[in-house]
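So that the names make sense, note that chain A is the first sequence line, chain B the second, and so on, each numbered from 1. Note: hydrogens, waters and symmetry copies are ignored here, and every other heavy atom, side chains too, is used.
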Amino acid sequence: MSDTTMTAAATDSSQNGQLEFLVKGDHHPQNGTLLGFWIYLMSDCLIFACLFATYGVLGRSYAGGPTGMELFDLSLIAINTSLLLISSITYGFAMLQMQANKVKGTMFWLAVTGLLGAGFLGLELYEFHHLIHVGAGPQTSGFWTAFFALVGTHGLHVFFGIVWLVTLLFQLKKRGLIPENKRRVFCLSMFWHFLDVVWIGVFTYVYLMGVLP
Amino acid sequence: MSEHTHDHDHHDADIPHVSLKEYLTGFVLAVILTVIPFWLVMGGVFESSATTVMVILGFALVQIVVHMVFFLHMNFHSEGGWNMLALIFTLILVFITLAGSLWVMHNLNVNMMPGMMD
């Protein structure tokens, strides 16, 4: 809004050349996509806030069933966390390759990121399968319902992130580093790093705090 | 679809400049901030759970900021400051959702008649 005012002021007073104060402001975004995508991420953040709140409220409602302390396997979660963390830096490498206009390097590091994400998902599915197998399914108690809703929603996001990533690999293969693809790679980077931020909350609040006596 | 759209603006100008140093700093900090909480819990460093909870929540908050700054490239100038505005607004909503839910539900539990708890 203030940008509009400033632009109007600029056209009005462009004759006398006293425009020094106008350019000191922030650069007006030329393309709304990145901001729009950021606002989508913020709305996604609210979904996770609701799921975290649900988990916080139901965190001790075991209904006589198994507890997180008995069933959470922290070494598995540690491996999962490192996979996701390493995938963040490999995505960073993809971004740097893209900045250097190297399409092969970008695709290579994107593929590595995708594989790490798939590894994360595989371990998470293994964990879910194990939990359900030992009688801690989503229907067991309020606690496990909240657990599967929160961790499952995060996993679902990672899954769609991988779908997007594979789609992007085909687009890069076909069209190279055109501006549109660069924008897409950047949006996916925000999405991917955002999921890592949510995972910080999950491993701290659900797993680490869940196994404390 | 959008391959055919014409936009005469210089697109690359929209995408923030990233650097290897930024990613490596963020990664090293993130690893440290992840390893310490896992060590605190798995090694049973503190006697009291309450202390551990406060410390690991502190580490989580710091790590979230690290990821925001070094990986998501958040600052007060990106997208003309609107990014930060949206983030702050969201954080307020997240705080109200979390604190409000826990507070209200805790209150309900406390005021529930003892016989009705199960």
> Heavy-atom distance under 4.5 Å to chain B: side chain of A:Val211, backbone, both or neither?
Replying inline: side chain

>> Show, in sequence, the C-alpha distance, side-chain angles and deciding distance for A:Leu85 and B:Gln63, and conclude whether the side chain to side chain contact (heavy atoms under 4.5 Å, CB included) test is met.
In response: CA-CA 11 Å; A:Leu85 201 55; B:Gln63 197 183 346; 4.3 Å; yes

>> Any non-hydrogen side-chain atom of B:Leu57 less than 4.5 Å from a side-chain atom of A:Met209?
In response: yes

>> Out of B:Thr34, B:Leu33, B:Leu93, return the one with the most heavy atom pairs under 4.5 angstrom to chain A.
In response: B:Thr34

> Mind checking whether A:Ile77 and B:Phe38 have side chains closer than 4.5 Å, heavy atoms only?
Replying inline: yes

> Donor-acceptor pair, A:Gln99 side chain versus B:Val18 backbone, under 3.5 Å?
Replying inline: yes

> Of the backbone (N, CA, C, O) and the side chain (C-beta and beyond), which part of A:Ser82 lies under 4.5 Å from a heavy atom of chain B, both, or neither?
Replying inline: neither

> Under a 4.5 Å heavy-atom cut-off, does chain A meet the side chain of B:His106, its backbone, both or neither?
Replying inline: neither

> Any side-chain heavy atom of B:Asn109 sitting closer than 4.5 Å to one from A:Arg60?
Replying inline: no

>> Please give me the minimum heavy-atom distance between A:Leu208 and B:Pro37, naming the atom from each residue.
In response: CD1-CB, 3.7 Å

> Does any heavy atom of chain B fall under 4.5 Å from the side chain of A:Leu34, the backbone, both, or neither of them?
Replying inline: both

> In terms of heavy-atom proximity below 4.5 Å to chain B, should A:Phe48 be classed as side chain, backbone, both, or neither?
Replying inline: neither

> Could you give the distance from CE (B:Met105) to OG (A:Ser61), rounded to the nearest 0.5 Å?
Replying inline: 8.5 Å

> What is the minimum heavy-atom distance between A:Cys45 and B:Val94, and which atoms define it?
Replying inline: SG-CG2, 4.2 Å

> Taking atom OH of A:Tyr40 as the centre, does the number of heavy atoms from other residues, nucleotides or ligands within less than 6.0 Å exceed 12?
Replying inline: yes

>> How long is the straight-line distance from CE of A:Met190 back to CG of B:Leu72, given to the nearest 0.5 Å?
In response: 8.0 Å

> Quick one: NE2 on B:His73 to CE on A:Met95, what's the gap to the nearest 0.5 Å?
Replying inline: 5.0 Å

> Is there a side-chain contact between A:Val197 and B:Phe71, using heavy atoms and a 4.5 Å cut-off?
Replying inline: no

> So how far is it from A:Leu96 CG to B:Leu20 CG, rounded to the nearest 0.5 Å?
Replying inline: 5.5 Å

> Using the benzene-type ring in the case of Trp, are the ring centres of A:Tyr91 and B:Tyr23 under 6.0 Å apart?
Replying inline: no

>> Would the distance check show the side chain of B:Ser101 and the main-chain N or O of A:Ala53 forming a donor-acceptor pair, the cut-off being under 3.5 Å?
In response: no

>> The test is side chain to side chain contact (heavy atoms under 4.5 Å, CB included); show your working for A:Trp38 and B:Met84 and say whether it passes.
In response: CA-CA 10 Å; A:Trp38 179 254; B:Met84 187 55 87; over 6 Å; no

> Contact part of B:Ser48 toward chain A, heavy-atom cut-off under 4.5 Å: side chain, backbone, both or neither?
Replying inline: neither

> So which part of A:Thr204 gets closer than 4.5 Å to some heavy atom of chain B, the side chain, the backbone, both or neither?
Replying inline: both

> Any side-chain heavy atom of B:Thr97 sitting closer than 4.5 Å to one from A:Cys50?
Replying inline: yes

> Does atom CZ of A:Phe159 have more than 12 heavy-atom neighbours from other groups under 6.0 Å away?
Replying inline: no

> In this structure, are over 12 heavy atoms from other groups packed under 6.0 Å from A:Met69 atom CE?
Replying inline: yes

> Relative to chain B, which of A:Phe203, A:Phe194, A:Tyr205, A:Tyr207 shows the most heavy atom pairs under 4.5 Å?
Replying inline: A:Phe203

> Relative to chain B, which segment of A:Phe52 carries a heavy atom at a distance below 4.5 Å: side chain, backbone, both, or neither?
Replying inline: both

>> What I'd like to find out is whether the side chain of B:Trp82 reaches to under 4.5 Å of the side chain of A:Ile39, using heavy atoms alone.
In response: no

> When heavy-atom pairs shorter than 4.5 Å are enumerated against chain A, which of B:Ile64, B:Thr90, B:Val66 gives the highest number?
Replying inline: B:Thr90

> Of the non-hydrogen atoms in A:Ala49 and B:Leu98, which two are nearest, and what is the gap between them?
Replying inline: O-CD2, 3.6 Å

> Quick one: does A:His193's side chain get under 4.5 Å of B:His67's, heavy atoms only?
Replying inline: no

> Can you say whether B:Val31 sits under 4.5 Å from chain A via the side chain, the backbone, both, or neither, judging by heavy atoms?
Replying inline: both

> B:Met68, B:His17, B:Glu22: which one forms the most heavy-atom pairs within less than 4.5 Å of chain A?
Replying inline: B:His17

>> Quick check on B:Leu24 against chain A: is it the side chain, the backbone, both or neither that has a heavy atom closer than 4.5 Å?
In response: both

